Structure formats: C-alpha cells, structure tokens
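Below you'll find the structure, written out as structure tokens, and then a few comments.
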Amino acid sequence: MKETSINLDKINHSFGDKQVLYDISLNIQRGIIYGFLGPSGCGKTTTVKIMAGILEATSGAVQVLGEAMPKLSIMKRLGYMAQSDALYTNLTAEENLVFFSSLYGMKKEKSKEKIDEAFVLVNLTDHRSKLVSAYSGGMKRRLSLAMSLLHEPEILILDEPTVGIDPVLRKSIWDALTSMTERGMTIIVTTHVMDEAEKCHELAMMRDGRLIAQGTPYDLRAGIGASSIEEAFIYYGKGGNDES
C-alpha cells in the first residue's frame, strides 16, 4: 500500500457569497500522476491552489505530506506551476532560473546541474540566453515548467501545463513526468484534454465545483462500458453513478 501524499476531507470554498467547491474529498497516493479533468470554471484550479497552500479552504481538512495545510515548511517541498506564467520578462530565461534557484536556497553547483537538465527537458537549451520578453506563449509555458522542477519537489502541481505546447514536445514532457513518478514524485495535473487524462494513473472528474467521478481512467471507462474518457465524462456529468 502506497503512502498518502495528499488528503482532502469535505473541502468547501467560497469567494465572497459565491461557493465554488462543494464537499471535495479525495486521497492521492505517493508516486502517481493524479489528474483533474473538467471544463474551465469547474473548480480544478481552486482545488489545486488549496492543496498548494496558496488558498485556504473555507471549510474541511487538507493534509499534505502528513501535515495540515497551509504550512510554509510543507509548501517549500512542493513545486507549483500556475496557469499564468510568473516570469521576469526583462531577464533571460537562464537568469530567471538562476534567480528562482537562489530563492529555493540551492547551492551553485546543484543549481547549474538542475538548470541544464530543465532546459533539456523543455527543449529550450538553444534559447536560454534570450530575453523572456522575446519568448512565445508556448515557450513561456515551457520555462514555467522548468522553473517548477528546479528544486526536485516531492509533489509537483501543474495547472494546465501543456497549453500552447506542440504535440511532439507535449508527448516528451508527459514521458518525463511518468519517469519522475517512478522515482517517487507525486504529480498533480489539471487538464481539459482527454488524451492527457488517459495518461494519468488516477483521475478526478469535476463539474460545477463538485467531484462527479474518481478512479483510474480504465475503471472509469470500464465501469460503464465507455470506449473513451470523453464518453465517460459525459455520462458522469449527466448524473451517472460512479461505481469505480
């Protein structure tokens, strides 16, 4: 039995008078890719921000690596890639990564090694000396991913990580993510792309701030005889019973 990385127990969240999450409960094991699948506005980003300690739930309990969140010592053990790229556009790509590695407290030799590895992973080695202001949107997404990986986090949280990235590179990034889980990293991914959802070890389907189904992609399909995750999502979204 794998140990638990993240546990959410009846999480609710509101922004002012508007409730956006309703009784979200789930358990994420160590060393897997756990995906959140759903349309824009369904609550995926709010859920992962609560996991990361960026937001505090209105009610319910959040435990990450065995500790109640939010907690700064735990947040330092996480990597987080937001939907919006938090980059300094007046610096080069390499200067951005050097700066963020210093914030993580990485030693110089280790920092150089991890920066080199990160540029290779996201296929930006030939563009490391360019100002970020000259980067395309897809290149900025790739640099943001590189930044989130620098300090070898125990849990990596990626909010729509492959938006604007070409299919060939997207596949190589997913191959790398799978390899990271084999070394014990837990990876949380939000997506609305069905073929990415199929690549997750486990999946939570969301709609209108609620979990509508949880399980492995295979179980979610097989449990209702669906031929695809898209078909399963439509079924559960209409109120089908989750028997996985």
Side-chain angles (χ1 to χ4, degrees), residues 1-8 11 21 24-40 42-52 64-65 78-83 121-122 141-142 144-145 148-149 153-165 167-207 210-237 240 242-244:
M1 189 74 166
K2 289 186 176 180
E3 65 180 277
T4 296
S5 282
I6 299 173
N7 181 265
L8 304 185
I11 295 300
L21 293 181
I24 303 295
S25 294
L26 53 85
N27 188 73
I28 300 175
Q29 295 179 334
R30 182 177 181 268
I32 66 169
I33 300 176
Y34 192 97
F36 285 89
L37 175 67
S40 296
C42 72
K44 303 187 304 292
T45 293
T46 301
T47 302
V48 298
K49 282 185 174 181
I50 289 171
M51 290 178 177
V64 176
L65 298 173
L78 311 180
Y80 180 76
M81 177 184 174
Q83 283 189 28
L121 171 64
V122 299
R141 291 306 286 158
R142 287 147 60 188
S144 294
L145 175 59
S148 69
L149 289 165
E154 294 173 56
I155 297 175
L156 180 62
I157 299 174
L158 306 174
D159 197 1
E160 304 279 5
T162 58
V163 171
I165 295 177
V168 174
L169 183 57
R170 190 157 61 96
K171 181 182 183 304
S172 71
I173 287 172
W174 271 90
D175 288 345
L177 295 179
T178 301
S179 178
M180 291 172 198
T181 63
E182 291 168 359
R183 301 196 297 269
M185 185 184 291
T186 304
I187 300 175
I188 314 299
V189 177
T190 72
T191 186
H192 56 263
V193 181
M194 298 298 168
D195 72 311
E196 290 192 346
E198 290 275 12
K199 293 179 173 68
C200 298
H201 298 112
E202 293 187 23
L203 196 61
M205 295 180 173
M206 294 189 70
R207 174 164 283 178
R210 293 176 169 84
L211 286 178
I212 57 173
Q214 297 181 61
T216 68
Y218 174 82
D219 287 342
L220 289 169
R221 284 187 282 101
I224 59 167
S227 60
S228 68
I229 280 295
E230 183 174 15
E231 184 181 339
F233 185 84
I234 292 170
Y235 172 83
Y236 293 119
D242 177 11
E243 297 178 5
S244 61

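We count residues from 1, following the sequence as given. Keep in mind that the numbers below use all heavy atoms, side chains included, and drop hydrogens, waters and symmetry copies. Nothing here was measured: the structure is a model prediction, and the numbers come from that model.
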Is any side-chain N of the basic residue among R141 and E160 closer than 4.0 Å to the acidic one's carboxylate O? no

Does the side chain of M205 reach to within under 4.5 Å of the side chain of I229, using non-hydrogen atoms? yes

Would you say the side-chain atoms of Q29 and H201 include a donor-acceptor pair closer than 3.5 Å? no

Can you check whether G43's main-chain N or O pairs, donor with acceptor, with T46's side chain at less than 3.5 Å? no

So how far is it from E202 CD to Y218 OH, rounded to the nearest 0.5 Å? 15.5 Å

Do the side chains of M185 and P153 get nearer than 4.5 Å, heavy atoms only? yes

Quick check against the 3.5 Å criterion: does T191 have a side-chain atom that pairs as donor or acceptor with the backbone of V193? yes

Counting heavy atoms not belonging to K199, are there more than 12 under 6.0 Å from its NZ? yes

Heavy-atom side-chain proximity of T181 to I32 below 4.5 angstrom: no

Would you say the side-chain atoms of S228 pair up with the backbone N or O of E231, donor to acceptor, closer than 3.5 Å? yes

Please determine whether the number of non-hydrogen atoms from other residues, nucleotides or ligands lying under 6.0 Å from atom CD of Q83 exceeds 12. yes

Sidechain N-carboxylate O distance under 4.0 Å for E154, R30: no

Is it the case that the side chain of R142 and the backbone of V122 share a donor-acceptor pair, with hydrogens and angles ignored and the cut-off at 3.5 Å? yes

To the nearest 0.5 Å, how far apart are CD1 in I212 and CG in L220? 9.5 Å

Just verifying a value: how many Å separate L65 CG and I6 CD1, rounded to the nearest 0.5 Å? 7.5 Å

Contacts of type side-chain hydrogen bond (donor to acceptor under 3.5 Å, both in side chains), residue S148, not counting sequence neighbours: none

Shortest non-hydrogen contact from G31 toward T186: N-OG1, 3.0 Å

For residues M51 and V64, report the shortest heavy-atom separation together with the two atoms involved. O-CG2, 3.5 Å

Any heavy-atom pair between the side chains of I28 and T4 that's under 4.5 Å? no

Can you name the ring pair (Phe, Tyr, Trp, His ring centres under 6.0 Å) partners of Y34, sequence neighbours left out? F36

When you look at L21 and I24, which way does the side-chain contact (heavy atoms from CB on, under 4.5 Å) test go after all the steps? CA-CA 7 Å; L21 293 181; I24 303 295; 4.2 Å; yes

Output the distance between atom OG1 (T47) and atom CG (L8), rounded to the nearest 0.5 Å. 7.5 Å

Scanning both residues in full, the closest heavy-atom pair of L121 with A176 reads CD1-CB, 3.1 Å

Nearest non-hydrogen partners of C200 and G35, listed with the distance: SG-CA, 3.6 Å

Does the Y236 side chain pair with the main chain of Q214, one donor and one acceptor, at a distance under 3.5 Å? no

Between K44 and P39 (side chain of the first, backbone of the second, donor and acceptor by atom type, cut-off under 3.5 Å), is there such a pair? yes

Candidate pair R170 and D195, rule salt bridge (charged side-chain N to carboxylate O under 4.0 Å, His left out), full reasoning: CA-CA 11 Å; R170 190 157 61 96; D195 72 311; 3.4 Å; yes

For I155 and I188 the tightest heavy-atom approach is CG2-CG1, 4.3 Å

Can you list the steps and then say if D159 with Y80 is a side-chain contact (heavy atoms from CB on, under 4.5 Å)? CA-CA 8 Å; D159 197 1; Y80 180 76; 4.2 Å; yes

I33 and its side-chain contact (heavy atoms from CB on, under 4.5 Å) partner, picked from V189, L156, L203: V189

Atom pair SG (C42) and CG (L37), whose distance is rounded to the nearest 0.5 Å: 8.0 Å

Here the pair of heavy atoms bringing I187 nearest to L177 is CD1-O, 3.3 Å

Classify the side-chain pair D219/T216 by whether it contains a donor and acceptor separated by less than 3.5 Å. yes

